[in-house]
2 protein chains.
Amino acid sequence: MRVSITDVARHAGVTPAVVSRVLNGDPKLQVRAETRDRVLAAARDLDYTPSHAARALRHNRAGALGLAVHDVANPLYGEIILGAQRAAAEAGHVLLLADIDGLARGDETFHRAVHGGAIDGLLLQRAGTPSDRKVITTASTRIPTVLLNDRSESLASVALDDAGGTRLATQHLVDLGHTRVAHLKVGGTQRSGQRVRGWRETLTRAGLSADPGWLVAGGHTVDSGLAGMRELLAVRPAPTGVVVGNVLAAIGALTAAREAGLRVPEDLSVIAFHDVTYAGHLVPSLTAVAMPMRELGAAAVALLLERLGGADPRHVVVRDPEPMLVARGSTAPPPA
Amino acid sequence: MRVSITDVARHAGVTPAVVSRVLNGDPKLQVRAETRDRVLAAARDLDYTPSHAARALRHNRAGALGLAVHDVANPLYGEIILGAQRAAAEAGHVLLLADIDGLARGDETFHRAVHGGAIDGLLLQRAGTPSDRKVITTASTRIPTVLLNDRSESLASVALDDAGGTRLATQHLVDLGHTRVAHLKVGGTQRSGQRVRGWRETLTRAGLSADPGWLVAGGHTVDSGLAGMRELLAVRPAPTGVVVGNVLAAIGALTAAREAGLRVPEDLSVIAFHDVTYAGHLVPSLTAVAMPMRELGAAAVALLLERLGGADPRHVVVRDPEPMLVARGSTAPPPA
DNA sequence: GGATGTAGGTAAACCGTTTTAATAACCGCG
DNA sequence: CGCGGTTATTAAAACGGTTTACCTACATCC
């Protein structure tokens with residue numbers, strides 16, 4: 001049996017009201033120190049924990065946040081999830097995980113969770129698929145929603161300093177002496193645009209050309225990077241360095257280069273946006289720009305809680321810590 | 001405002017009781033078809049969804065399951081999480097994510113979630129750290145708990161066919177003609193023992209020696225694989241093939257071999273337990289035994305639900321689909 | 001025509017907390 | 001001694017469902 005507040009009350013010789021008010025520190029409560037102590041002792045003795053459901057019912061808030069992503073198994077999302085989970089726990093909220101593609105397949109559980117008030121707010125990592133739209137409309141009309149890695153006019157959102165990170169990556173290649181630098185971008189989202197901007201600006205500022213032919217669409221999977229790189233390798237004049245918008249895509253890009261008989265970094269330099277633990281163990285080891293994914297997740301939770309507090313939706317860019325260049329073996333000066 | 005069951009009742013001209021019983025399909029309810037239709041129509045028109053909290057309070061079960069892992073960002077765990085999440089959703093339960101190391105650091109949120117009845121049961125992927133013990137004692141006395149990738153006498157548990165997978169990997173090397181096959185095991189857990197058994201049995205059955213010197217402890221990180229492999233490379237007589245207990249450790253092992261000037265697979269064959277999407281893009285591409293991680297997650301949820309239904313704890317081994325050999329470029333016949 | 005049955009509901013308690021308004025006990029004061 | 005003012009505590013409603021027991025028509029049967 002659960003031990004309820006009534007049990008504690010009986011044990012302490014008071015009514016449930018007193019127990020509740022003591023335990024929650026009601027400032028309007030006047031109570032003798034001795035009574036307070038009896039209540040606290042009883043609660044401790046019985047190992048009392050308030051019922052989550054009863055609280056949720058009474059307060060009309062669940063103390064839970066939802067997190068919906070496309071690919072739980074993607075290590076980058078994993079970092080976001082970790083950051084979000086910790087921040088939520090710190091704030092006394094639990095984090096509930098959902099799978100966007102599952103949801104959109106008419107997953108009734110999610111609908112019930114949102115409309116039934118099982119979660120107070122939603123973090124959403126969309127990827128531009130049709131599923132996203134469905135999920136957003138289901139959720140955002142009922143509960144505050146925060147977009148991760150994205151920007152929106154109507155909803156709150158958090159993003160990384162995509163432009164800054166790409167600038168850093170591009171500048172690294174420029175500093176090495178590259179004059180023909182391509183960009184394998186990640187997709188058609190807003191953040192992709194920021195990255196393109198970072199790439200273009202850096203080249204322009206260095207007096208170099210940002211040839212549109214060097215801007216090719218990849219994706220955030222190994223295969224999309226492979227395909228994008230194959231495409232890019234056919235472009236003339238051929239670039240000597242490429243900024244890849246995602247670390248998994250970069251792995252595919254390395255494969256494509258190898259297929260084409262190009263040596264990395266001697267013939268072609270590759271630098272990835274995002275870093276992963278094993279990047280240093282690839283062959284060649286992969287130079288990357290590490291982005292604060294964990295902090296992104298934490299910031300998203302903070303923003304969501306802020307919204308739950310009644311604040312207006314806003315857009316936040318996570319710049320702390322800054323994007324960091326991790327120079328490894330896949331970048332070098334261009335061939336002479 | 002939320003639309004409550006009372007609103008629906010008023011709209012349909014009946015009492016809340018009828019609405020509840022119609023919507024939940026109470027077999028003991030006698031109702032005219034016309035009335036039933038009115039109720040259903042009202043519920044649809046008002047877009048009614050029952051309150052999660054109220055149900056949870058009344059039924060004394062939350063409709064939520066907890067999943068606690070050590071490393072959310074680990075791609076292997078990601079697969080488990082995905083499988084569990086989908087299975088839970090299918091069964092009408094939501095999945096709640098927790099971070100074991102966070103929990104053990106005196107995370108009050110988790111304690112409140114378990115003791116407050118926010119989750120009905122817990123899936124736990126332990127790793128043999130002291131944190132695990134704390135979490136287990138917190139949870140398992142209050143709610144049914146299922147151990148993932150492990151075995152226990154007192155608790156329910158699910159595991160993979162670790163012995164079978166290792167047999168498959170070892171046999172692959174034996175078939176290629178290797179006679180000196182080492183095993184870089186993953187740790188001190190029960191499942192590690194199963195793998196050692198698979199390795200030993202296969203070699204013995206082939207009339208080969210399972211030299212204790214060829215059994216070295218690694219781990220499930222890149223670094224632990226690196227360290228373990230360095231150790232193994234000092235052993236004489238040197239093995240010509242090695243079965244690595246984890247794919248991340250295998251990546252570290254490849255690095256160690258490269259450091260030592262060994263060519264893979266010409267001088268040394270490496271095969272990993274577990275497969276990941278990018279394994280084919282490593283250099284050399286990594287031969288691996290793919291294990292049904294997603295199904296493991298799903299089976300764990302099924303077992304937990306079974307326990308919630310009152311069944312006794314039992315141990316389940318997920319054998320469907322079977323471990324599958326994915327032959328790639330890191331294995332070849334031994335040097336002549 | 002009174003007992004019996006059955007279809008079609010309804011009333012009310014209950015789950016565990018929180019919170020507001022009310023009340024009892026006590027005190028000093030005139 | 002009766003009154004106002006604290007101080008300490010309580011009673012009760014409310015949150016939104018579910019469920020059991022009960023009630024009311026109406027029809028049936030002998």
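Letters A, B, ... are given to chains in the order of the sequence lines, protein chains preceding strands, and every chain is numbered from 1.
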Atom-to-atom span, CG of B/D7 to P of D/dG16 - whole angstrom: 9 Å
Partner set under side chain to side chain contact (heavy atoms under 4.5 Å, CB included) for A/S131, not counting sequence neighbours: A/I100, A/D101, A/A104, A/T129
Short side-chain N/O contact from B/H59 to OP1 or OP2 of D/dT19, under 4.0 Å: yes
A/L67 versus A/A84, closest heavy-atom pair with distance: CD2-CB, 4.4 Å
Check against side-chain contact (heavy atoms from CB on, under 4.5 Å), A/T145 and A/R307: CA-CA 9 Å; A/T145 301; A/R307 284 235 54 206; over 6 Å; no
Below 3.5 Å, can you tabulate the donor-acceptor pairs from side chains in residues 47-65 of chain B to any protein atom, sequence neighbours excluded?
residue	atom	partner	partner atom	Å
B/S51	OG	B/A53	N	3.3
B/S51	OG	B/A54	N	3.0
B/H52	NE2	B/A62	O	2.9

Sidechain-backbone polar pair: B/S157 side chain, B/L147 backbone, donor-acceptor under 3.5 Å: no
Qualifying side chain to side chain donor-acceptor pair (under 3.5 Å) pairs with a residue from residues 78-91 of chain B, counting only residues at least two apart or across chains: A/D99-B/R86, B/E79-B/R294
Touch class at under 4.0 angstrom, heavy-atom based, for B/N60 against every strand present: nothing
B/H115 NE2 - C/dG16 P separation (whole Å): 16 Å
Selection: residues 27-49 of chain B, any non-hydrogen atom under 4.0 Å of DNA chain D: B/Y48, B/T49
Heavy-atom closest pair, residues B/H70 and B/Y77: N-CE1, 4.4 Å
Return a table of donor-acceptor pairs under 3.5 angstrom between the side chains of residues 10-22 of chain A and protein atoms on other chains or two or more places apart.
residue	atom	partner	partner atom	Å
A/R10	NH2	A/D7	OD1	2.8
A/S20	OG	A/N24	ND2	3.4
A/R21	NE	A/D26	OD2	2.9
A/R21	NH2	A/D26	OD2	3.4

For atom CG of A/N24 and atom P of C/dT19, their distance in whole Å: 7 Å
Phosphate OP1/OP2 of D/dT18 contacted by B/R55 side-chain N/O (<4.0 Å): yes
B/R61 side-chain N/O to D/dG17 phosphate OP1/OP2 under 4.0 Å: no
Rounded distance (Å) that lies between atom P of C/dT17 and atom CG of A/L57: 12 Å
Those residues of residues 8-23 of chain A lying under 4.0 Å from DNA chain C by at least one heavy atom: A/A17, A/S20, A/R21
Shortest non-hydrogen contact between A/R2 and B/G116, atoms and distance: NH2-CA, 3.9 Å
